[in-house]
Amino acid sequence: MPEYFEEKEEEEIDRLPEIEGEDIVMRMAPYPSGPLHIGNSRMVILNDEYVKRNDGKLVLFYDDTIGSEKKKPLIEAFDLIKEGLEWLGVEWHETYYKSERMEIYYEYGQKIIEMGDAYVCECSAKGLRKNREKGIECEHRSRSVDENLEKWEKMLDGEFDEGEVTVRLKTDMQYPDPAFRDRVLFRVSNQEHPRVGDEYHVWPLLEFSWAIDDHLLGMTHILRGKDLVMEDKMEEYIWDLFGWEKCEFLHYGMLRLRNVRLSKSEFQQQIKEGKLRGWDDPRTWSLQSLKRRGIQPEAIRDFILDFGMSKTDIEVPASKLYAKNREIIDEKANRYFFVKDPVEIELVGDLDIDEAEIPRHPDFSDRGNRKIKVDRKLFISKKDWNENEGKEVRLKNLCNIKLEGHKGYVTDLANKDILKIQWLPDGEKCSVEKPDGSYDEGIVETNIEEVELNDLVQFERYGFVKILENSQWKVSYGHR
RNA sequence: GCUCCCGUAGUGUAGUCCGGCCAAUCAUUUUGGCUUCUCGAGCCAAACACUCGGGUUCAAAUCCCGACGGGAGCACCA
């Protein structure tokens, strides 16, 4: 094989602002409710990229607190996430689980209560919200430290039910930003956790667990989306309370794919209901599904890095990702004829060719030719047939015909500048899995047998596909 | 409603911190042309932008003020 892997470097590297400091430590914190998808890949790739450029350390920290009714951690997700990271070429040095560090959170929770900076609150969720909106302090706020500690012990002993009680940070109920008024630090949950079962009833919320862990693990830089900017303030507030050193925050804006809605909890549900085939269903946009479609991890990295670190919210069409992928795979993918929804036509007139020879790749003659047998009866796609009634078209690499009904009158052999269509005398049945979950059916030339499982090929005038099964041919569609 | 963030071509992005070299970068997109027996790829060319209004200044995409537009947070989710 020739050297496809030339340096593609360019200069786009400069889209990321430099970061300061030595011995950089960063972390990525996926919530394990499903595999990483294209949206999550931004967080992951930016972290990886920064760490690699600065020769730092990257921590994988499963953010597997108990979540909510709607958003549950999923046991398979831990491995799916890892698999996705490895595929993307992300390198990390240590792995942690929130669920294994509960005692640490309790310890600091106790401390913060002892310091008088947090209190046990027995407001209902509704009441809490209302007070927060109006800036009203509830009666629990003024409890003594001893009383708080007593309640805290009871919480840990499981004497409260879900929703009955929380531990709240004592910031200021008049704080101008209502989002920052006495946020909840711990709450009660009796749900079963996929890793630690029902061992704990009291769970920290992310702002608290992060404030503790980011300090304990010595994070120097924290990268997060704009949706989590408030966590900066929360963490800093808590660090100040403990007198800890602060670290640097970096933010990026929200990224959306046009016409794509990504929700792992919804996908989780749809998979359960059988509406999606599984976590590699193309509609989930999971890394697994993109791999299945023949999207290259390098393409995803390029795609993400193109956006840099801007705080602007962006909405990009998926075609941008496909453009990146095409750049990489066009030269790798050999060409084959695929006839979708075959329609039979009969060739009429002089034609004395038994076999057509067509290069495997138009740009690489060293890959040789493939041969397709010629018959009087040929199949062309229904679409080409419909659209060219009465017109002259060229059967690519064979001859020109005038289409009339189910007959093709051979006009001549010269390579004319007219529409060239794919044709086949017969072929292997082939089913194409489309990104929207539907399937295209058709036939593919028998030469396809020379390719290996998981190879990427291009079906001419149709698109790039990846070979999923090669006994009964099944492929998945990547893009045009 | 309150708090915060953002606003450069169709879509993204560089430049904004440290005003002049920005009649504004690059990619993608679109349109032409060339090439190729794919509506793919390649090559060449063209098209298209500093949200608006004030101010500061010899000079503003860059600084200040205001308006408008978009987004996020205000969950006992992450």
Side-chain angles (χ1 to χ4, degrees), chain A residues 10-12 14-15 17 29-33 63-73 98 121 123-126 128-129 132-135 162-168 175-181 183-189 202-203 205-207 209-210 224-233 251 253-256 258 264-265 302-303 305-317 319-324 326-327 329-331 333 335 337 356 358-359 361-363 394-400 414-422 458-464 479-480:
Chain A
E10 310 295 309
E11 68 316 352
E12 62 191 311
D14 303 307
R15 305 223 174 184
Y31 181 71
S33 58
D63 204 357
D64 65 334
T65 50
I66 198 71
S68 65
E69 197 62 49
K70 276 194 221 157
K71 221 174 182 176
K72 289 181 184 168
K98 284 268 175 80
C121 178
C123 290
S124 67
K126 228 184 220 172
L128 190 153
R129 200 175 309 145
R132 175 134 65 207
E133 215 169 276
K134 293 181 180 157
E162 282 185 29
E164 279 185 349
V165 66
T166 60
V167 174
R168 292 223 267 161
Y175 203 90
D177 181 353
F180 199 63
R181 293 172 188 164
R183 285 190 70 90
V184 173
L185 262 27
F186 289 93
R187 64 184 166 131
V188 174
S189 174
V202 175
W203 288 86
L205 273 81
L206 93 165
E207 29 261 274
S209 62
W210 280 124
R224 53 171 52 127
K226 241 173 67 173
D227 52 331
L228 292 175
V229 279
M230 197 202 43
E231 311 310 326
D232 298 10
K233 275 204 291 184
H251 301 117
M254 308 310 284
L255 166 67
R256 260 179 278 270
R258 187 163 303 155
K264 282 193 268 196
S265 32
D302 279 0
F303 171 73
L305 258 20
D306 239 15
F307 306 134
M309 277 290 290
S310 86
K311 284 194 200 114
T312 323
D313 300 306
I314 51 183
E315 188 179 76
V316 283
S319 58
K320 186 129 184 159
L321 172 62
Y322 302 156
K324 292 283 184 196
R326 194 181 300 116
E327 248 171 55
I329 66 172
D330 183 69
E331 55 186 356
R335 272 57 168 167
F337 280 5
I358 312 169
H361 192 116
D363 304 328
R394 178 162 178 81
L395 299 177
K396 190 171 176 255
N397 299 286
L398 182 61
C399 66
N400 305 314
N415 177 20
K416 287 197 240 177
D417 192 17
I418 53 176
L419 178 71
K420 293 170 184 82
I421 66 171
Q422 278 59 47
Q458 189 202 50
F459 286 173
E460 288 188 22
R461 273 176 71 243
Y462 178 80
F464 292 94
H479 49 82
R480 227 167 204 266

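Each chain gets a letter, A, B and so on, in the order its sequence line appears, and its residues count up from 1. Quantities reported herein were computed from a predicted structural model and do not represent experimental measurements.
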* d(CZ, A/Arg129; P, B/C2) in whole Å -> 20 Å

* Measure the distance from CZ on A/Phe459 to C1' on B/G40 and round it to the nearest whole Å. => 15 Å

* Specify the separation, in whole Å, of atom CG of A/Asp302 and atom P of B/G12. => 18 Å

* Shortest side-chain distance from A/Ile314, nucleotide among B/A78, B/A41, B/U13 -> B/U13

* Hey, is the side chain of A/Arg132 poking within less than 4.0 Å of OP1 or OP2 on B/C76, counting only N and O atoms? -> yes

* **Closest-nucleotide ordering on RNA chain B, the 5'-leading residue of A/Tyr175 and A/Phe464** => A/Tyr175

* Base, sugar-phosphate, or nothing: which does A/Glu315 touch, judged by heavy atoms less than 4.0 Å apart? -> sugar-phosphate

* Asked: Among B/A72, B/G12, B/A78, which is the nearest nucleotide to the side chain of A/Met254?
  -> B/A72

* How many angstroms lie between atom OG of A/Ser33 and atom CG of A/Asp63, to the nearest 0.5 angstrom? -> 10.5 Å

* A/Asp63 near the nucleic acid: base, sugar-phosphate alone, or nothing, with a heavy-atom cut-off under 4.0 Å? -> sugar-phosphate

* To do: Could you check A/Ser319 against A/Lys420 and say which one's nearest nucleotide on RNA chain B is further toward the 5' end?
  => A/Ser319

* So what does A/Leu228 hit on the nucleic acid, given a heavy-atom distance under 4.0 Å: a base, only sugar-phosphate, or nothing? -> base

* Asked: Okay, side chain of A/Arg256, backbone of A/Glu315: is any donor-acceptor separation there less than 3.5 Å?
  -> no

* Asked: Is there a donor on the side chain of A/Gln458 or the base of B/U38 sitting less than 3.5 Å from an acceptor on the other?
  -> yes

* Asked: Rounded to whole angstroms, how far apart are NZ on A/Lys226 and P on B/C5?
  -> 10 Å

* Nearest to side-chain heavy atoms of A/Arg326, which nucleotide of B/A41, B/C74, B/C6 -> B/A41

* **Range-with-range stems of RNA chain B (Watson-Crick or G-U pairs under 3.5 Å, three or more in a row)** => B:1-7 with B:68-74, B:10-12 with B:26-28, B:29-34 with B:42-47, B:51-55 with B:63-67

* To do: Report the distance from atom NZ of A/Lys320 to atom C1' of B/G12, rounded to the nearest whole Å.
  => 4 Å

* Asked: Distance-only, no hydrogens or angles: does the A/Asp313 side chain make a donor-acceptor pair with backbone N or O of A/Met254 under 3.5 Å?
  -> yes

* Aromatic rings A/Phe303 and A/Phe307: how do their planes relate, parallel, tilted or perpendicular, breaks at 30° and 60°? -> perpendicular

* Asked: With sugar-phosphate meaning primed atoms plus P, OP1 and OP2, does A/Gly253 contact a base, only sugar-phosphate, or nothing at under 4.0 Å between heavy atoms?
  -> nothing

* Which of these nucleotides, B/G73, B/A41, B/C76, is closest to any side-chain atom of A/Leu128? -> B/C76

* Do the side chains of A/Arg326 and A/Lys324 get nearer than 4.5 Å, heavy atoms only? -> no

* How many Å lie between CZ on A/Phe186 and C1' on B/A75, as a whole number? -> 17 Å

* Tell me whether the guanidinium CZ or amine NZ of A/Lys98 lies under 6.0 angstrom from the six-membered ring centre of A/Trp203 and within 45° of its axis. => no

* Parallel, tilted or perpendicular for A/His479 and A/Tyr322, by the 30°/60° rule? -> parallel

* Which part of the nucleic acid, if any, lies within reach of A/Val229 when heavy atoms closer than 4.0 Å are counted: base, sugar-phosphate only, or nothing? -> nothing

* If the C1' atom of B/U16 is compared with that of B/C50, how far apart are they to the nearest Å? -> 11 Å

* **Proximal nucleotide (of B/A14, B/C76, B/G40) relative to the A/Ser310 side chain** => B/A14

* To do: Could you state the atom-to-atom distance from CZ of A/Arg335 to P of B/G42 in whole Å?
  => 11 Å

* Side chain of A/Arg394 - closest among B/U3, B/U38, B/C37 -> B/C37

* With sugar-phosphate meaning primed atoms plus P, OP1 and OP2, does A/Glu231 contact a base, only sugar-phosphate, or nothing at under 4.0 Å between heavy atoms? -> base

* Asked: Closest to the A/Pro362 side chain: B/A78, B/C76, B/G40?
  -> B/G40

* **Separation of the C1' atoms in B/A23 and B/C18, to the nearest angstrom** => 24 Å

* Does the A/His361 side chain pair with the main chain of A/Ala333, one donor and one acceptor, at a distance under 3.5 Å? -> yes

* Structure fact -> Testing B/C6, B/A27, B/A14 for proximity to the side chain of A/Thr312, the answer is B/C6

* **Nearest-angstrom distance, C1' atom, B/A49 to B/U8** => 6 Å

* Asked: Of all the nucleotides listed (B/C76, B/U11, B/G73), which has the minimum atom distance to the side chain of A/Leu205?
  -> B/C76

* So which nucleotide from B/A41, B/U11, B/C74 ends up closest to the side chain of A/Arg183? -> B/C74

* Asked: How would you label the contact of A/Cys121 with the nucleic acid (heavy atoms, under 4.0 Å): base, sugar-phosphate, or nothing?
  -> nothing

* Side-chain N or O of A/Thr65 closer than 4.0 Å to phosphate OP1/OP2 of B/A78 -> yes

* Verify, without hydrogens or angle tests, whether A/Arg181 (side chain) and A/Arg132 (backbone) share a donor-acceptor contact under 3.5 angstrom. => yes

* Structure fact -> A/Lys134 NZ to B/U3 P, in whole Å, measures 19 Å

* To do: Please check if atom NZ in A/Lys416 has more than 12 non-hydrogen atoms from other residues, nucleotides or ligands closer than 6.0 Å.
  => yes

